[in-house]
Amino acid sequence: MQYDNILAALDMLGCPNRCRHCFVGWRQNPKLVESDLRWAAEEFRPWAKTLTVYDWNREPDFGDDYKEKWELCRELSSPDTPPEHYELASVWRLARDREYAPWLKSLDVKYVQLTLFGGEELTDYFTGRKGAYQDILKAIDVLLENGIAPRIQVFANQKTVRELHKVTELIDSLELEKRCEDIGVPFACFVHQGSCDGEGEKLYPIWITSADLDKIPDKLVQYTLKHFNKPAIRDVFGKEERELYDELINDHTTESLGSTAPAVLYIDGEFNVTPNIGVPAEPWQLGNLKKDGAEMILSRLMNDESPAQRIRATVPLSELVRACGAPDSRRLFGRDDYIEYLLSRYCRRQDV
């Protein structure tokens, strides 16, 4: 048993936030050390043609030794599959560490994604940390000073949609379109509902509906359509739950997730392992790396042996939606996100 690539992401230090939309969920911040990362990498190396290693699966670069950790991850990864920084960065650090943005620039980072939920109070509330909004404002200035464009991600639900005009007002007041143009990187932003999993599943009572879409400011709509390359905002947010219910109630298929899933593995501070096809929660756990070893973890992934995978492989979609769906709901979901939401609810009903 060998994978073409294994991506192992060890949560070494955690995250300063407790975001209410986060698919990774909330847990205590660990304090793992370099030897833990080296050990985890070597556990998986024999089972991978190439290996990619990350020292985080929540907030990137949270530790003061982020430069050294980045080099360590590159050292532990295969030359053909090094870690990538993408558009992810620590807002907490951007607001406090003047060396951080120049370092990101040295890695050829062009955009950093920042998340808003409306104005200051709502953004602090959904980020789970007082001062988060002010950190975002500081981060915007620091990024632009270093030739990096802020890309604004906005989450819409029935509570935040009433304040999305504050996001467009912020874009205008900070002249973000012009300032991004000045550094040669087009301004980008988008609005979506996220996925109804992890902490986000608790937002189901205020999940956005088709009736709420008209409340999204036109500027955000236009940038969103450009970002997702969609003709209409409804195509971004998906179908009403009642429509998906009607589709799935007659769908008697099952699916083996493990047989086709890439080996992208989240390892928490206690070395519990979950695949990124689900959320880092008990129904998706493949085992404990310290106790079970990498070979057993990978075998369980491939053979659908986590409780959630086993249910998806054996319980038809029609049963999942019949047990956990709402046939009259107008909440908006993408099809795959909705199936994952149903699976999560079904797992809890089965007490797994």
Side-chain angles (χ1 to χ4, degrees), residues 7-41 43-44 53-66 69 73 83 88-93 113 115 117 123-132 135 153 155 194-204 261 263-294 296-297 300-301 305-309 337 340-341 343-345 347-348 350-352:
L7 189 156
L10 180 64
D11 184 19
M12 294 191 69
L13 294 177
C15 180
N17 305 321
R18 292 296 180 267
C19 294
R20 286 173 165 82
H21 70 290
C22 181
F23 86 96
V24 178
W26 294 2
R27 57 182 183 268
Q28 293 295 315
N29 286 349
K31 292 183 180 179
L32 302 184
V33 296
E34 178 180 321
S35 59
D36 294 318
L37 186 65
R38 289 185 178 276
W39 176 84
E43 274 294 299
F44 284 110
V53 177
Y54 286 88
D55 63 297
W56 56 271
N57 57 52
R58 287 191 279 171
E59 178 93 341
D61 309 326
F62 187 31
D64 291 336
D65 60 345
Y66 59 92
K69 283 293 195 305
C73 288
L88 304 175
S90 171
V91 176
W92 185 90
R93 183 160 295 283
Q113 189 158 286
T115 300
F117 299 86
T123 295
D124 282 1
Y125 171 79
F126 278 99
T127 306
R129 178 170 64 85
K130 185 74 173 174
D135 280 355
Q153 172 182 230
F155 281 92
S195 55
C196 199
D197 55 12
E199 287 300 307
E201 189 181 341
K202 297 175 184 176
L203 302 180
Y204 179 83
V264 179
L265 303 169
Y266 294 143
I267 309 160
D268 72 15
E270 296 179 339
F271 295 94
N272 299 309
V273 184
T274 51
N276 82 326
I277 53 175
V279 297
E282 191 169 346
W284 291 94
Q285 278 190 16
L286 297 166
N288 184 280
L289 190 59
K290 288 282 189 180
K291 297 176 182 177
D292 301 317
M296 180 64 71
I297 296 290
R300 289 171 178 168
L301 171 63
E305 293 183 24
S306 73
Q309 287 177 251
D337 285 341
E340 187 169 331
Y341 160 73
L343 180 57
S344 178
R345 290 199 65 196
C347 286
R348 284 202 305 280
Q350 300 299 308
D351 195 26
V352 299

What is the minimum heavy-atom distance between Gly14 and Pro30, and which atoms define it? N-CD, 3.8 Å
For residues Arg18 and Cys15, report the shortest heavy-atom separation together with the two atoms involved. NH1-O, 3.0 Å
Derivation and outcome, side chain to side chain contact (heavy atoms under 4.5 Å, CB included), residues Val279 and Tyr266: CA-CA 9 Å; Val279 297; Tyr266 294 143; over 6 Å; no
Would you say Gln285 and Thr274 are linked by a side-chain donor-acceptor pair, where the criterion is simply a distance under 3.5 Å? no
If you measure from CG on Leu13 to NZ on Lys31, what distance do you get to the nearest 0.5 Å? 9.0 Å
Partner set under salt bridge (charged side-chain N to carboxylate O under 4.0 Å, His left out) for Arg300, not counting sequence neighbours: Asp292
Distance-only, no hydrogens or angles: does the Ser344 side chain make a donor-acceptor pair with backbone N or O of Glu340 under 3.5 Å? no
Would you indicate whether Asn29, at its atom CG, is surrounded by more than 12 heavy atoms from other residues, nucleotides or ligands within a distance under 6.0 Å? yes
Between Asp124 and Ala132, is there a donor-acceptor pair closer than 3.5 Å when you use the side chain of the first and the backbone of the second? yes
Sub-3.5 Å donor-acceptor pair from the side chain of Arg20 to the main-chain atoms of Tyr125, do we have one? yes
Beyond-backbone contact of Leu289 with Phe44, side-chain heavy atoms, under 4.5 angstrom: yes
With sequence neighbours left out, what residues match Asp55 under salt bridge (charged side-chain N to carboxylate O under 4.0 Å, His left out)? none
With heavy-atom distances below 4.5 Å as the criterion, would you say the side chains of Phe117 and Thr127 are in contact? yes
Report yes or no: is the cationic atom of Lys290 (NZ for Lys, CZ for Arg) under 6.0 Å from the centre of the six-membered ring of Trp39, at an angle within 45° of the ring normal? yes
Do Pro280 and Arg27 come close enough that some side-chain heavy atom pair is under 4.5 Å? yes
With a 4.5 Å cut-off on side-chain heavy atoms, are Leu265 and Leu286 touching? yes
Compare every heavy atom of Thr115 with every heavy atom of Gln153, then report the nearest pair and how far apart it is. NE2-OG1, 2.8 Å
Just how far is it from atom OH of Tyr204 to atom CZ of Arg345, taken to the nearest 0.5 Å? 7.0 Å
Donor-acceptor pair, Asn57 side chain versus Ile267 backbone, under 3.5 Å? yes
State, to 0.1 Å, how close Leu343 and Ala308 come at their nearest heavy-atom pair, and which atoms those are. CD1-O, 3.8 Å
Ring-face cation of Arg93 near Phe62 (centre distance under 6.0 Å, axis angle within 45°): no
Answer yes or no: is there a side-chain heavy-atom contact under 4.5 Å between Cys73 and Leu37? yes
Taken to the nearest 0.5 Å, the spacing of Asp11 CG from Asp36 CG works out to 11.5 Å
Donor-acceptor pair, distance only, cut-off 3.5 Å: does the side chain of Arg129 make one with the backbone of Phe126? no
Glu34: what forms a side chain to side chain donor-acceptor pair (under 3.5 Å) with it, not counting sequence neighbours? Arg38
Side chains of Ile277 and Trp284: does their closest heavy-atom pair fall under 4.5 Å? yes
One pair to check against side chain to side chain contact (heavy atoms under 4.5 Å, CB included): Leu7 and Tyr54. What are the steps and the verdict? CA-CA 8 Å; Leu7 189 156; Tyr54 286 88; 3.8 Å; yes
Is Glu282 salt-bridged to Arg348, cutoff N-O under 4.0 Å? no
Looking at side-chain heavy atoms only, is the closest gap between Leu10 and Trp56 below 4.5 Å? no
Side chain to side chain, Cys19 and Glu199, heavy atoms closer than 4.5 Å: no
On a heavy-atom basis, which atom in Ser90 and which in Asp61 lie closest, and how many Å separate them? CB-O, 4.2 Å
Distance col, row Met12:CE vs Arg58:CZ, nearest 0.5 angstrom, shows 13.0 Å
Hey, does the side chain of Asp197 reach the backbone of Glu201 with a donor-acceptor pair shorter than 3.5 angstrom? no
So which heavy atom on Val53 is nearest to which on Ala41, and how close? CG2-CB, 3.9 Å
